[in-house]
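Read the structure below first, then the notes.
All values below come from the heavy atoms of this structure, side chains included, with hydrogens, waters and symmetry mates left out. Start at 1 and go down the list; that is how both ligands and their atoms are numbered.
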Amino acid sequence: MKLLSLHVQDFRNLAAVELAPSPRATVLLGENGQGKTNLLEAIYFLTTLKPLRAVRLAELVRFGAEQGAVAGDFEGPGGVRRVAVQVAAGGRTATLDGKALGSGARLDDYFEGLASVCFSPDDLLLVKAGPDGRRRFLDRAAFNRWPAVLGEAREYVRALRARNAALRAGPAEVEASFREPLVRAGARILVRRRDLVAELAPRLQAAFAEISGPAAPEAHLAYRAAGGVDVEHPEAEVAARLAHALEARLERDREKGFTSAGPHMDDLVLALGGKGARLYGSQGQQRALVLALKIAEIENLRAALGRPPLLLLDDVSSELDPAKNRFLLGYLAALPAQAFLTSTDRRLIEPAAGPDTAFFEVRSGVVSPLVS
Ligand SMILES: Nc1ncnc2c1ncn2[C@@H]1O[C@H](COP(=O)(O)OP(=O)(O)OP(=O)(O)O)[C@@H](O)[C@H]1O
């Protein structure tokens, strides 16, 4: 699926942008704070219906405007489709070829071929920082792999909120009645994440070895479920084990007023040579692991979808050491993907540029083509 044209209105500081991207690399250059990331965020929002940064939807609307909008024409095997999303304080509405999702257009059709992977400097902390970021990575990657995860995750969050409220206030029967939907939705997510980790682990190992050389320790990826829930079973058994963990923690959870087992408490374990990379990896190794994890996701989607996802790289080159930057840009140059890259410094991106690279300047929310 190729993005042929992008239309952005009143999204962050972008008042009105019309852009015809390259089928390969589109480079957005500009000083700090001009709107480069906002443009990536617009594309990410359009293709995933989720904000890139954890924000309230109202923050996406340009100051002083009532609503923002992003639309794109995508060319795929079935022809050109227009996907569009409008956002206002009250929420977002998405359309496919003018038909609203839910009434006229199906979610699956909207996301058909729309996977996009973003890589930003924040991701470089994925190994080092707390489990929230790793869960977010897993959820976004699982959604890219299986778009139905969007609805499944919502169902889980709803069930979790309801059970937490019941833990705090309700009598025992009320809590029990909320536990069953939580277990069902939770087991679904556990199985999705388990399957995803199984797909990513060998790809991560291979990419890390390529980045770090033959002398480097072996990289491992594993899923760690809170409460010791063993996820290596069929879904019904995983659900039974999650239910058991919740039962065992009921008294404690009631005292604390929240559910202490389930996918919202789990973590992704990254190890090097059998030792936790978070505690024992050097800064360089941790960054190489993150790079390998992103490449693993891209390669996995490429294998599953039959083509690479849309890539959004937000100023990553300035944060990587020269060797890793060379590796990343070499990888990108060889990948038949459509990519958007931002930078304050054209020279950092130049090694990835080919004859069909399009350069744009972003200044105060205005995007203009640059003659190369
Ligand atoms: N809702 C909004 N309405 C208008 N402007 C906004 C809104 N949200 C953020 N901005 C502005 O967008 C600008 C930041 O844009 P962005 O994050 O895209 O910068 P950037 O070009 O990627 O810079 P850097 O190179 O520093 O990452 C800031 O000036 C901020 O005030």
Legend entry - Contacting atoms of ligand 1, where contact means under 4.0 angstrom from a heavy atom of Gln34: 19 (O), 20 (P), 21 (O)
Legend entry - Distance-only polar pair, side chains of Asp315 and Thr342, donor-acceptor under 3.5 Å: no
Inset, instruction - May I ask you to identify the nearest protein heavy atom to atom 9 (C) of ligand 1, giving residue, atom name and distance to one decimal place in Å? - result: Arg12 CD, 3.8 Å
Legend entry - Thr342 touching ligand 1 at heavy-atom level, < 4.0 angstrom: no
Inset, instruction - Mark the output for Glu31 as yes if a heavy-atom distance to ligand 1 is under 4.0 Å, and as no if none is. - result: yes
Inset, instruction - Check whether any side-chain heavy atom of Tyr156 sits under 4.5 Å from a side-chain heavy atom of Leu182, and report yes or no. - result: yes
Inset, instruction - Decide whether the shortest distance between a heavy atom of Gly30 and an atom of ligand 1 is less than 4.0 Å. - result: no
Inset, instruction - Ignoring hydrogens, just give me the one of Asp314, Asp315, Thr37, Val61 whose non-hydrogen atom is nearest atom 22 (O) of ligand 1. - result: Thr37
Legend entry - Polar side-chain atom of Arg56 near backbone of Ala89 as donor-acceptor pair, under 3.5 Å: no
Legend entry - Selection residues 215-262 - residue pairs positive for ring-ring contact (aromatic ring centres under 6.0 Å, His included), sequence neighbours left out: none
Inset, instruction - May I ask you to identify the nearest protein heavy atom to atom 26 (O) of ligand 1, giving residue, atom name and distance to one decimal place in Å? - result: Asn32 ND2, 3.0 Å
Legend entry - Closest approach of any protein heavy atom to atom 18 (O) of ligand 1, naming residue and atom: Asn38 N, 2.8 Å
Inset, instruction - Measure up the Phe45 and Phe11 rings against each other and bin them: parallel (under 30°), tilted (30 to 60°), perpendicular (over 60°). - result: tilted
Inset, instruction - Can you pull out the closest protein heavy atom to atom 11 (C) of ligand 1? Residue, atom name and distance to 0.1 Å, please. - result: Asn13 CB, 3.9 Å
Legend entry - Heavy atom of the protein closest to atom 25 (O) of ligand 1 (residue, atom name, distance): Lys36 NZ, 2.8 Å
Legend entry - salt bridge (Lys or Arg N to Asp or Glu O under 4.0 Å) involving Arg92 - partner list, sequence neighbours excluded: none
Inset, instruction - Indicate whether any N or O donor in one side chain lies under 3.5 Å from an N or O acceptor in the other, for Asp314 and Thr37. - result: yes
Inset, instruction - Determine whether the side chains of Ser5 and Asp73 contain a donor N or O and an acceptor N or O closer than 3.5 Å. - result: yes
Inset, instruction - Return the option from Ala65, Gly33, Ser318, Ser364 holding the heavy atom at the smallest distance from atom 13 (C) of ligand 1. - result: Gly33
Legend entry - Closest protein heavy atom (residue, atom, distance) for atom 2 (C) of ligand 1: Phe63 CE2, 3.2 Å
Legend entry - Exercise check, heavy-atom protein proximity under 4.0 Å to atom 30 (C) of ligand 1: no
Inset, instruction - Could you list which atoms of ligand 1 come closer than 4.0 Å to a heavy atom of Gly35? - result: 15 (O), 16 (P), 18 (O), 19 (O), 20 (P), 21 (O)
Legend entry - Passing option when Asp123 is tested against Lys128, Arg140, Lys294 for salt bridge (charged side-chain N to carboxylate O under 4.0 Å, His left out): Lys294
